[in-house]
Amino acid sequence: MPMLPGMPDAVTGRPLKAATRPPLRTLDQAIARSRDIIAEALDRYPIVARQALVSGGNDSMVLLHLVQSYLDSSADDAVVHVNTGIGIEETRQHVREVAAGWNLPLRVLHPRDSYEDLVLGQVIARTGANAGIRSVWKGFPGPGGHGVMYRRLKNEPLQRNRAAIIGSHGRSRKVLYLAGMRWGESDRRFRTAAEIDPDGGIIWCSPLVHWTNEQMDQYRRLYLLPRNEVADHLHMSGECLCGAYAKPGELDEIEFFYPRTAYRIRSLEKQVKAAGISACKWGQAPPGGKQPTPGSIAGRLCSSCPAPLAGQTDLMDLWAQRGLLTPAPVPEVAA
């Protein structure tokens, strides 16, 4: 019997790592499954708008190419890019060029609160016990601040976009957000990504959830998809540089390729320090800083976030039960 991901290694007793996982489906089978997922979402829910969420990374180009034929049934169908305000301009330009080149409508969303105002403590709570009294955050975020940054910079504009389309008709009208989350993208994704995930007036749909890295590469080569140089340089899309989970030396790496972006971050560091805020270094949490809540999820659209904490559901068994783990080889495609 072949060893499958999630099965314990005979020597260590630990589940097999991603690097040892066998090829899953053929590329044609993966594409067919993706279309089945989208068809199921469209059949189950009263969808009035279909929107492809594109970060600008190379994986999101696969998503957009695959789903572009679905973006033609409503005035609100569109490619959606969230300009977090703390990203790399070259990535935004890449999204604009691809949408224009493929003749797809592009909707760029902006958060209500800027990253600068958040770290400078200038965003005051609007609801709850601290409404009108306290800042929602102050200083550069460490891991404990990622949830705040995700909600304010990404989720808030997406929710506002949803409200503009369906208003209060959450039960009878839904917006389909086609997103590129994949189980194989990271350990955290493997445990949190779902094929179809209803969330009030939003139906999150991840048609690539079962795709492997090999299948993504094969699809890019097969269709000669445009690549984002930011993703090639930094191994991330660069659409959000909140710094909550930045790796050591990341800002220096950004500065090497994109000095204007790094200059802006370093200038903000000086402003934060001058304001007397202890968390004044981008990518570094202050000693004793807030830690993530056990079992919390960083956010659907943050692919570079770390693995989940103890207690989160592992979908490995579910993946096998659904027949997504097969020994079928992935055919090679000539470059």
Side-chain angles (χ1 to χ4, degrees), residues 24-82 95 98-99 102-107 109 158-159 161-162 165-166 169-185 189-190 192-220 222-223 225 300-301 303 315 318-319 321-326 328 330:
L24 306 184
R25 298 178 168 190
T26 66
L27 181 59
D28 285 345
Q29 289 172 331
I31 292 171
R33 177 57 189 158
S34 295
R35 300 199 183 284
D36 286 345
I37 292 171
I38 298 172
E40 180 181 351
L42 294 173
D43 183 61
R44 285 171 55 186
Y45 300 98
I47 304 296
V48 297
R50 312 171 190 185
Q51 301 191 333
L53 306 186
V54 174
S55 68
N58 292 328
D59 279 8
S60 67
M61 294 299 104
V62 174
L63 171 76
L64 183 55
H65 187 271
L66 184 70
V67 307
Q68 59 181 317
S69 62
Y70 295 91
L71 308 180
D72 61 0
S73 64
S74 162
D76 288 308
D77 286 8
V79 179
V80 170
H81 177 72
V82 179
V95 172
V98 170
W102 292 356
N103 196 30
L104 296 171
L106 173 63
R107 181 173 298 187
L109 309 182
L158 287 169
Q159 292 291 346
N161 177 63
R162 178 268 310 161
I165 296 172
I166 67 173
H169 301 281
R171 293 180 179 273
S172 60
R173 303 175 68 192
K174 307 286 186 181
V175 175
L176 182 67
Y177 278 164
L178 296 159
M181 288 86 79
R182 292 189 297 117
W183 289 336
E185 189 174 6
R189 292 281 206 199
F190 189 72
T192 62
E195 294 175 346
I196 301 172
D197 185 11
D199 180 20
I202 295 172
I203 305 300
W204 291 88
C205 180
S206 304
L208 303 181
V209 71
H210 53 283
W211 286 45
T212 64
N213 292 336
E214 291 81 3
Q215 288 164 343
M216 298 291 284
D217 288 340
Q218 185 183 8
Y219 191 96
R220 279 189 286 264
L222 181 63
Y223 291 102
L225 300 188
R300 290 182 175 90
L301 303 181
S303 62
L315 298 180
L318 180 60
W319 198 2
Q321 291 168 9
R322 290 184 176 181
L324 297 176
L325 295 173
T326 74
V330 178

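Quick note: residue numbers are just sequence positions, from 1.
Not counting sequence neighbours, the partners of V80 by the side chain to side chain contact (heavy atoms under 4.5 Å, CB included) test are Q51, L53, R107, L109, L158. Remark: N58 pairs with D232 by the side-chain hydrogen bond (donor to acceptor under 3.5 Å, both in side chains) rule, at least two apart or across chains.
Rounding to the nearest 0.5 angstrom, the gap separating the CZ atom in R220 from the CE atom in M216 is 5.5 Å. Of the inter-residue distances, the one linking D77 atom CG with L178 atom CG reads 9.5 Å to the nearest 0.5 angstrom. Residue L71 holds its CG atom at 9.5 Å from CG of L176, rounded to the nearest 0.5 Å. Atom OH of Y45 is separated from atom CD of E40 by 8.0 Å, given to the nearest 0.5 angstrom. For the atom pair NE2 (H81) and CG (L64), the distance works out to 12.5 Å, reported to the nearest 0.5 Å. To the nearest 0.5 Å, atom CZ of residue R162 and atom CZ of residue R173 are 12.0 Å apart.
More than 12 non-hydrogen atoms from other residues, nucleotides or ligands lie less than 6.0 angstrom from CG of D72.
The two residues S60 and G56 have their closest heavy-atom pair at OG-N, 3.2 Å. The nearest pair of heavy atoms linking A52 to V67 is CB-CG2, 3.8 Å. Closest approach of L27 and Q215 over heavy atoms only: CD1-O, 3.8 Å. Closest of all the heavy-atom pairs between A49 and D76 is CB-CB, 3.7 Å. Scanning all heavy atoms of the two residues, the minimum distance from I196 to P198 falls at O-CD, 3.8 Å. Contact record, A99 with L106: CB-CB, 4.0 Å, taken as the closest heavy-atom pair.
Side-chain contact between Y219 and L66 is present, with heavy atoms from C-beta onward closer than 4.5 Å. At a threshold of 4.5 Å between non-hydrogen side-chain atoms, the residues R182 and N213 count as touching. The side-chain heavy atoms of H210 and Q29, taken from C-beta on, include no pair separated by under 4.5 Å.
Under the 3.5 Å distance criterion, the side-chain polar atoms of S34 are matched with a main-chain donor or acceptor of P207. Remark: side-chain polar atoms of K174 are paired, donor with acceptor, to backbone N or O of G200 under 3.5 angstrom.
S206 and W183 form no side-chain donor-acceptor contact under 3.5 Å, judged by distance and modelled atom types alone.
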Test side chain to side chain contact (heavy atoms under 4.5 Å, CB included) applied to W211 and V62, step by step: CA-CA 11 Å; W211 286 45; V62 174; 4.0 Å; yes
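Note: H65 and W102 have perpendicular aromatic rings, judged against thresholds of 30 and 60 degrees for the angle between ring planes.
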